[in-house]
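Worksheet: one structure, shown below.
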Amino acid sequence: MEKTYNPKDFEDRLYKEWEETGCFKAERDNSKVPFTIVMPPPNITGQLHMGHAMDATLQDAVIRFKRMQGYVALWLPGTDHASIATEVKIIEAMKKEGLTKQSVGREEFLRRAWAWKDKYAGRIVQQLKKLGASADWSRLTFTMDEKCSTAVREVFVNLYNKKLIYRGNRIINWCPCCKTALSDAEVEYAEEAGSFWHINYPVEGEDVCLEVATTRPETMFGDTAVAVNPADKRYSRFIGKRVILPVVGKAIPVVADEHADMQFGTGVVKITPAHDPNDFEVGLRHNLEIVRVMNDDGTMNANAGEFEGLDRYECRARLLEKLKQTGALVREEPHTHNVGHCYRCNSTVEPIVSKQWFVKMKPLAQPAIHAVIDRKVSFIPERFAKIYYNWMENVKDWCISRQLWWGHRIPVWYCEDCGKEICSKTDPKVCPHCGGSNLKQDEDVLDTWFSSALWPFSTLGYPDDSADLEYFYPTDLLVTGYDIIFFWVARMIFSGIEHMRKVPFRYVLIHGLVRDEKGRKMSKSLGNGVDPLEVIDKYGADSLRFSLLQGVAPGNDTRYSDAKVEACRNFMNKVWNASRFVIMNSEGNEIKPVSEVRLSAADKWIISRLQSVIRDVTLALNKYELGIACQILYDFTWSDFCDWYIELVKPALYSGDGAKKSVALSVLNFVLNNTLRLLHPFAPFITDEIYRSMPGVCGTIMKEDYPRYNSKLAYKKDAAGFEGVMEVIKAVRAVKTELNCPPSRKVTLYVLTENKRLISSNEESILKLAGAKDIVFLNSAEDSAEGCVTKVTSIGTLFIPMGELVDAEKEKARLEGELEKVTAEISRADGKLHNSGFLSKAPKKLIDEEKAKLDKYIKMREKIYEQLKIFDNK
RNA sequence: GGGAGCUUAGCUCAGUUGGGAGAGCAACUGCCCUACAAGCAGUGGGUCAUAGGUUCGAGCCCUAUAGCUCCCACCA
C-alpha cells in the first residue's frame with residue numbers, strides 16, 4: 001500500500017469493476033424484501049453541481065446501507081428532458097447559427113433536441129458515476145423514452161375522461177421571452193421598485209374624474225370597467241355610470257365590486273380582465289368584455305391603437321408621455337411591488353387570458369393531503385409536511401400546456417371536418433365522430449413536470465401490471481431538496497394515489513441547499529459555483545461525499561468549503577494509514593477469529609466501543625440521520641481506534657511475544673473489518689480498496705453484510721474498567737505537557753491504588769502511552785517521593801516525580817484547584833440526591849448513576865485532602 | 001398578510017424521546033515516538049439571542065420580544 005491516500009489510483013478502477021460485475025443491479029427476489037429509491041432525474045441541460053452531489057450522496061449512502069443489509073436495493077436512475085430549459089438552450093445555440101425555431105421548423109428542431117439529448121444526457125450520468133453512485137444503470141430511463149411517453153398518454157387520457165383535465169380560457173402566466181404559458185409554480189416573485197401612476201378617467205357627461213392608480217398603465221387599453229367598493233360612499237353615486245378611457249376615448253362602466261379596497265390607493269380600480277387574475281374574476285362577475293392588448297412576444301396588439309407593435313415597456317413610456325401631455329396623468333409615486341418572473345429565463349411574466357389545458361386540482365389534492373396526515377407518506381424532517389399541506393390546500397388548477405416543441409405532445413386531435421376533439425392513447429387515423437381524416441394534433445406539449453409526476457411508476461412499467469411494479473412499488477424513500485416539493489413531490493403524491501391507488505413512497509427525506517463559503521446560493525450569475533468534479537479530482541470522491549454529509553441535519557442548508565473537504569480528505573488518509581498499519585503487521589501471520597483468542601482489557605474496550613458504534617450508526621441510518629452517522633464513525637475511527645487502540649496494541653505487536661501479537665492482530669483485523677463495512681456507504685471507494693487487501697478477505701466489500709450489534713461483545717464492565725486506565729494515561733500526559741516535560745523524558749509512576757490488578761495488567765499500555773519507564777505501587781501516600789505532582793484519578797492516586805520542574809507552591813495551588821472541582825461535583829450530585837423531587841421522579845438508572853458518581857468523587861476528595869495534608873506537613 | 005427556519009466556542013455547524021455543553025477549522029504549548037506532519041500529545045475558549053413560564057431538572061417543551069434567512073399569498 002502507498003504511504004498516502006491517493007484516490008485516483010483506485011476510484012475509477014473500482015467503479016468500473018462494480019459496474020461490470022453487476023453490483024448495482026437489483027433483481028426481483030421474492031424471498032427478499034425490496035428497498036427502492038427513484039432518483040430525481042437531473043435535467044439533460046445540466047452539469048453536476050453541488051446540489052446534485054449532495055442529493056446523490058445521500059441516496060447512494062442509504063442504498064448501499066440497505067443493500068448490505070440484504071434488501072434487494074434498487075436505485076432507479078434517469079434523466080429529464082426538461083422541456084422548457086432544454087428548449088431555451090437549443091434556441092440559444094441556434095441563434096449563433098442565425099436560425100430560429102420558426103425558420104427550421106418543428107421536425108428539424110426536434111431532431112436537434114434529440115441530438116442534444118444524445119450528447120448531454122450521458123454527461124451527467126458519467127458525473128454521477130465519478131461520485132460513486134451505485135444506481136442500477138441498466139434501468140436508466142429518460143422521461144421521453146417510449147415507456148414514459150406511454151405512461152404520460154395513459155394518464156392524460158384517463159384524467160381527460162374523468163374530466164380532471166380540461167381546456168379553457170383562463171388567466172395564466174405568460175413568458176413573453178419563452179413564448180409559453182407557465183404554471184403558478186414556475187413563476188418566481190421578486191420585489192421590484194416600480195411606480196404607481198394615478199390617472200384620471202373622466203366621468204361620462206360630467207365634469208368630474210375618477211382617479212385610478214395602476215402599476216401597469218399599458219394594460220389600460222384592455223380596461224373594460226372601473227370598480228369601486230359597494231360600501232364606499234365616496235363613489236356610490238357613480239355606480240352604473242360610465243367613464244371615458246383616456247387616450248382611447250372608449251366609455252366603460254363603473255361597477256361595484258368587493259375587490260376594490262377602500263383603503264388602498266384612491267379606492268377606484270381599473271379592471272383589465274384579460275391581464276390580471278383578480279380583474280378576470282371581476283370580469284366574470286360583471287360579465288365584462290375581455291380585451292387582450294398584448295401579443296405573445298410582449299408587444300402591443302391592435303387594441304393599443306397607435307402603440308401597436310411596440311414592446312410593452314416602450315409602450316408604457318410613450319403612453320405615460322401622452323397621458324402627461326393630455327393632463328390625464330395626475331401623479332406618479334414610487335411603489336415597490338412583487339413582480340413575477342419566469343423561472344427559466346427570468347423575464348417578467350404577464351398574466352394573460354389564454355386557452356390552455358388544465359388539471360383540475362381539488363379532487364386530486366384531497367386524498368394527497370390525507371395520505372400525509374395518515375402517515376402513508378412522511379416527511380423528514382416533519383416540518384415540511386406543513387409546507388406541503390399549505391400548498392395542497394390552496395392549490396389552483398394546474399396549467400399543463402406549453403407552447404413549446406420539446407416535450408410530450410398533448411394527445412388531443414381536432415377534427416377539421418366536424419370540429420370535435422379527440423383524446424386518445426394512440427394516434428387516431430380517422431375521426432371517431434364523423435369518420436373524417438382531417439385530424440390535426442394539438443400543437444402544444446405538456447409541462448415537463450407532468451411526466452416527472454409519474455416517475456415512480458412510469459419507470460417501473462406503468463401502465464402495464466409489470467412484475468417490477470408489483471415488486472418495487474410503492475418505493476421506500478425519496479430524497480430531494482425543499483425547493484422542489486411543489487414542483488415534484490406534491491405532484492408525485494397525488495399522481496401515485498390517483499393512478500396507482502397507492503402513494504409513491506413512504507418517506508421523503510428533504511435536504512437543504514449547498515451554499516458557498518459565504519452562505520450565498522451558488523449560481524451561474526454570481527459565478528460562485530464549485531464544480532464537484534474538480535473537487536473530486538483534487539480530493540477524491542469519498543472526501544467530497546463525506547464532507548457533504550458529515551454534521552448536516554436534514555432540511556438544513558449547508559455551506560461548502562474547501563477546508564471541510566480537506567478535513568475529510570485527512571480523515572480518509574487516516575483510515576488509509578490505519579489500515580496500512582493493520583495490513584502490514586498482519587502479513588505472514590495467521591489471523592484468528594476474535595472468538596478464539598484471549599482478549600485483554602483494551603481489546604474488550606475497543607470491541608465494546610465498536611458495538612455501541614454499530615448500534616448507534618444503524619439507529620441513525622434507520623432514521624435517515626446520515627450526518628449523525630458520519631459523525632459517530634469519524635469519532636470512533638479517529639479517536640478510539642487510531643489514537644487509542646492502535647497505540648495500545650503496539651507494545652504487543654513489537655514485543656516479540658507471539659501469543660500477544662496474535663491476539664492484537666485478531667482484534668485489529670476484526671475492528672478494521674467492521675469499521676470499513678460501517679463506513680462503506682459513505683466512503684465506498686476507499687473502504688473497498690482497503691477491504692480487498694485485508695488478510696482472509698476476497699471480493700468486494702459491496703457484497704458483505706452491514707455489521708450487526710452483538711450484545712455478547714458489549715463487555716460493559718471490562719470497558720468501564722479500561723476507561724479508568726485511560727484516565728490514568730491522560731492524567732500523566734497532561735502533567736507532562738503542563739510542566740513542559742519533553743515526551744522523551746520517561747518518568748517513574750508511583751501509584752496508590754486499590755486496583756493494582758487493573759493497573760498491572762495494563763502496565764505495558766500505561767508505560768507506552770503515558771511515557772513512563774516503570775510503575776511502582778505505594779502502600780501509603782506518605783511514601784511518595786519528593787518533587788512529585790499528584791493526580792487523583794477514579795482508580796487511584798498518581799505521584800509523578802518531575803524533579804526540578806515541580807514548584808511546590810504551584811503544585812499546592814493546582815491540588816487546591818482540583819479539590820474545588822471535585823467539591824463542586826460532589827455538591828451537584830449530593831444536591832440532586834437530596835432533592836425529593838428528583839428521587840421520586842427521575843428514572844432509577846439515573847439515580848444510581850448519580851450515586852456512583854457521588855461515591856467516586858467523595859473518594860477522590862479524600863485522596864486530595866490527604867495529599868494537601870502531606871503538603872502542609874512538609 | 002400567512003407560514004417556516006435560524007440565533008450554541010473566534011469561524012462553520014452538530015446536539016431527535018428534557019438528565020452533567022460537542023466536532024471540525026482557527027488559536028496557544030510541546031513533540032519527526034518504525035501507520036499517518038493530510039500526523040501525535042496537551043491547553044484555552046460558551047449566562048446555548050433576550051425575558052418570562054412549565055418541570056425535581058430546559059440548549060431541547062410553552063409564551064412573548066429582537067435580529068437574520070426562506071417559502072407562500074398578494075393591494076390594483
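Scope of the values below: all heavy atoms of this structure, side chains included, with no hydrogens, waters or symmetry mates. Because the structure is a prediction, the values reported are computed rather than measured. Lettering follows sequence order; numbering is per chain, from 1.
- In this structure, of B/U12, B/C72, B/U29, it is B/C72 that holds the atom nearest to the side chain of A/Asn390.
- Between the side chain of A/Glu647 and the base of B/A35, at least one donor-acceptor pair of N or O atoms lies under 3.5 Å.
- Between the side chain of A/Lys841 and the base of B/C56, no donor-acceptor pair under 3.5 Å is found.
- Distance from the side chain of A/Lys564 is smallest to B/U12 among B/U12, B/G42, B/C74.
- Separation of the P atoms belonging to B/U47 and B/C60 is 16 Å when rounded to the nearest angstrom.
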Would you check, one step at a time, whether the test salt bridge (charged side-chain N to carboxylate O under 4.0 Å, His left out) holds for A/Arg814 with A/Glu818? CA-CA 6 Å; A/Arg814 202 185 53 74; A/Glu818 288 196 5; 2.8 Å; yes
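- No side-chain N or O of A/Asn556 forms a donor-acceptor pair with one of A/Tyr482 less than 3.5 Å apart.
- When each of B/A73, B/A14, B/C36 is scored by its nearest atom to the side-chain atoms of A/Ala553, the top-ranked nucleotide is B/A14.
- Among B/C36, B/A41, B/C56, the nucleotide with an atom closest to any side-chain atom of A/Arg733 is B/A41.
- When the P atom of B/A38 is taken as reference, atom CE of A/Met572 falls 17 Å away, rounded to whole Å.
- Comparing B/G42, B/U12, B/C36 against the side chain of A/Arg580 picks out B/C36 as the nearest.
- Residue-to-nucleotide contacts include no donor-acceptor pair under 3.5 Å from the side chain of A/Glu517 to the base of B/U12.
- Counting only heavy atoms from C-beta outward, the side chains of A/His275 and A/Ile352 approach each other to under 4.5 Å.
- The side chain of A/Ile628 lies closest to B/A14, out of B/A14, B/G24, B/A35.
- Computed from coordinates, the A/Gln550 CD to B/G22 P distance equals 18 Å when rounded to whole Å.
- Of the listed nucleotides (B/C72, B/A23, B/A4), B/A23 has the atom at the smallest distance from the side chain of A/Gln631.
- Set against B/G42, B/C36, B/A23, the side chain of A/Asn577 has B/C36 as its closest nucleotide.
- Comparing B/U12, B/C56, B/A73 by their closest approach to the side chain of A/Phe838 singles out B/C56.
- Distance check on atom P: B/U12 versus B/A26 gives 15 Å, rounded to whole Å.
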For side-chain contact (heavy atoms from CB on, under 4.5 Å), just list the numbers for A/Asp516 and A/Arg559, CA-CA rounded to whole Å, side-chain angles, deciding distance to a tenth of an Å, and then say yes or no. CA-CA 5 Å; A/Asp516 77 355; A/Arg559 293 186 195 201; over 6 Å; no
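- Closest to the A/Arg383 side chain, of the nucleotides B/A4, B/A41, B/C36, is B/A4.
- Side-chain contact between A/Met522 and A/Met50 is present, with heavy atoms from C-beta onward closer than 4.5 Å.
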